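Here is the structure we will look at, set down as structure tokens.
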2 protein chains.
Amino acid sequence: MNEVTVGGMRFELDLSQPLYEQVLDQVRSSIAKGEIALGEKIPSVREMAQALKINPNTVMRAYQELERDQLTETRRGQGTFITADAEKVKHIRYKLAEEAVEEFLAKLGSLGFTASEIAAILRSKGGEGQ
Amino acid sequence: MNEVTVGGMRFELDLSQPLYEQVLDQVRSSIAKGEIALGEKIPSVREMAQALKINPNTVMRAYQELERDQLTETRRGQGTFITADAEKVKHIRYKLAEEAVEEFLAKLGSLGFTASEIAAILRSKGGEGQ
DNA sequence: CTATGTGTATTAGGTGATATAATACACTTA
DNA sequence: TAAGTGTATTATATCACCTAATACACATAG
């Protein structure tokens, strides 16, 4: 319903999570999936803010975290660009994946599930392809 | 360092997460793992609050969520008791596991990982037994 | 009956994260 | 010079979370 497409990325913001985090996740996801070409420019802070109907400061916060992760490079006066270094993208992608795995295993571990039980659950629910 | 053991449960609270959520998680975890016997009484709101050095209202919030999930039964004037129904514990345990799986798969999916890739990562990191 | 220990409700206040608004500055490019 | 970038600052508002203090309803031991 409340979707917006900007810079080739699709956003659907809600209030269940900080806005800057949702923006960050969406852009990062687009980069990780290769939906945005390396070196490409992403929308300016103001343009993104206007499109999403949120404050420029909120977009800034997301953009700065992207740069901290070296997924983007910002050039004053020019804009914000996806890194041209494929290795950096690959690295962050795996790092995020590992963190997700750690968190997942910890959570199921705290519920008393063994590794084989976890594997069985995943096998029954792993209907994700794409 | 900052650990407290109360009612047979070990707590180590920090500020990275809401306190009521940490208390909830810890008690629920103890129940799911069977570290607390069914039907057993858990520490009173006041006792728990004093032991953890937090406000009774904060403990209350955790306890109320436990009761909403039917993991506990509260008897006014007597205390809060773990449910005697093993099925309910089993049910909640699997429900929480499924939610964790869903969230995990969604997160990795948004990073562009396929099911087989996810399986491979888990195989390499799944060194959790007990 | 009384005292004590339960769960529960209410009201008030403090703190920090999040988000907005408005404005200004530094830099790049047409 | 003008317009579009990133960036910084100050102020304000809101909300979740936590605390504090107090009071009430109920159960049980004495």
Side-chain angles (χ1 to χ4, degrees), chain A residues 2 4 6-7 9 11-27 31 36 39-84, chain B residues 2 4 6-7 9 11-27 31 36 39-84:
Chain A
N2 227 1
V4 177
V6 47
M9 294 171 283
F11 293 86
E12 190 172 358
L13 305 182
D14 58 82
L15 299 175
S16 69
Q17 218 185 342
L19 295 177
Y20 79 90
E21 216 168 294
Q22 298 179 54
V23 174
L24 168 64
D25 285 343
Q26 182 54 59
V27 176
I31 299 173
I36 303 184
E40 191 166 310
K41 181 175 181 299
I42 62 177
S44 76
V45 169
R46 289 174 180 82
E47 183 185 348
M48 181 70 83
Q50 190 171 11
L52 301 182
K53 292 172 186 159
I54 64 180
N55 196 277
N57 292 337
T58 304
V59 176
M60 258 301 288
R61 186 163 175 183
Y63 277 23
Q64 285 181 331
E65 192 141 339
L66 286 170
E67 193 184 21
R68 228 178 301 126
D69 285 349
Q70 301 191 300
L71 283 178
T72 61
E73 291 166 11
T74 62
R75 301 175 205 152
R76 210 190 185 90
Q78 299 186 48
T80 303
F81 300 81
I82 306 298
T83 179
Chain B
N2 228 1
V4 178
V6 47
M9 294 171 283
F11 293 86
E12 190 172 359
L13 305 182
D14 57 82
L15 298 176
S16 69
Q17 219 185 343
L19 295 176
Y20 80 91
E21 217 168 293
Q22 298 181 53
V23 174
L24 168 64
D25 284 344
Q26 182 54 60
V27 176
I31 298 173
I36 303 184
E40 190 167 310
K41 182 175 180 298
I42 62 177
S44 77
V45 170
R46 289 174 179 82
E47 183 185 349
M48 180 71 83
Q50 191 172 12
L52 301 182
K53 292 171 186 160
I54 63 179
N55 196 279
N57 292 337
T58 305
V59 177
M60 258 302 286
R61 188 163 173 184
Y63 277 22
Q64 285 180 331
E65 192 142 339
L66 285 169
E67 192 183 22
R68 228 178 301 127
D69 284 350
Q70 301 191 300
L71 282 178
T72 60
E73 291 166 10
T74 62
R75 302 176 204 150
R76 209 188 186 87
Q78 298 186 50
T80 303
F81 300 81
I82 307 297
T83 179

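Since the structure is predicted, the reported quantities are computational estimates derived from the model, not experimental observations. Hydrogens, waters and symmetry mates play no part in the numbers below; they use all other heavy atoms, side chains included. Proteins come first, then strands; the chains are lettered A, B, ... in the order of their sequence lines, and each starts at number 1.
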Over how many whole Å does the gap from [X] atom [atom1] to [N] atom [atom2] extend?
| X | N | atom1 | atom2 | result |
| --- | --- | --- | --- | --- |
| B/Glu65 | C/dT8 | CD | P | 14 Å |
| B/Glu47 | C/dG7 | CD | C1' | 14 Å |
| A/Gln64 | D/dA8 | CD | C1' | 10 Å |
| B/Asn55 | D/dT22 | CG | C1' | 12 Å |
| B/Met60 | D/dT22 | CE | P | 19 Å |
| A/Glu67 | D/dT7 | CD | C1' | 11 Å |
| A/Lys41 | D/dG4 | NZ | P | 12 Å |
| B/Gln50 | D/dT19 | CD | P | 14 Å |

When you check the phosphate oxygens OP1 and OP2 of [N], does a side-chain N or O of [X] lie under 4.0 Å from one of them?
| X | N | result |
| --- | --- | --- |
| B/Gln17 | D/dC18 | no |
| B/Thr74 | C/dT6 | no |
| A/Thr80 | D/dT5 | no |
| B/Gln78 | C/dT8 | no |
| B/Tyr20 | D/dC18 | no |
| A/Ser44 | D/dG4 | no |

Could you check whether any side-chain heavy atom of B/Arg61 comes within less than 4.5 Å of a side-chain heavy atom of B/Leu19, counting everything from C-beta outward? no
Quick one, A/Phe11 and A/Val6 - any side-chain contact, counting heavy atoms below 4.5 Å? yes
Give the nucleotide from the list [options] with an atom nearest to the side chain of [X].
| X | options | answer |
| --- | --- | --- |
| A/Tyr63 | D/dT19, D/dG6, C/dT20 | D/dG6 |
| A/Ile54 | D/dT7, C/dT20, C/dG7 | C/dT20 |
| B/Thr58 | D/dT19, D/dG6, D/dA25 | D/dT19 |
| B/Asn57 | C/dT10, D/dT7, C/dT20 | C/dT10 |
| B/Leu19 | D/dG6, D/dC18, C/dT8 | D/dC18 |
| B/Pro18 | D/dC18, D/dG6, C/dT8 | D/dC18 |
| B/Arg46 | D/dC18, C/dT6, D/dG6 | C/dT6 |

Sidechain-backbone polar pair: B/Gln22 side chain, B/Gln17 backbone, donor-acceptor under 3.5 Å: yes
B/Met60: which of B/Val23, B/Val45, B/Thr80, B/Asn55 passes side chain to side chain contact (heavy atoms under 4.5 Å, CB included): B/Val45
Which one of B/Ile31, B/Asp25, B/Leu24 satisfies the side chain to side chain contact (heavy atoms under 4.5 Å, CB included) criterion with B/Val27? B/Ile31
Quick check for you: to the nearest 0.5 Å, what is the distance between A/Met48 atom CE and A/Met9 atom CE? 4.0 Å
Closest-nucleotide 5' rank along DNA chain D - winner of B/Pro56 and A/Arg76: A/Arg76
How is A/Arg61 classified with respect to the nucleic acid when contacts are heavy atoms under 4.0 Å: base, sugar-phosphate, or nothing? sugar-phosphate
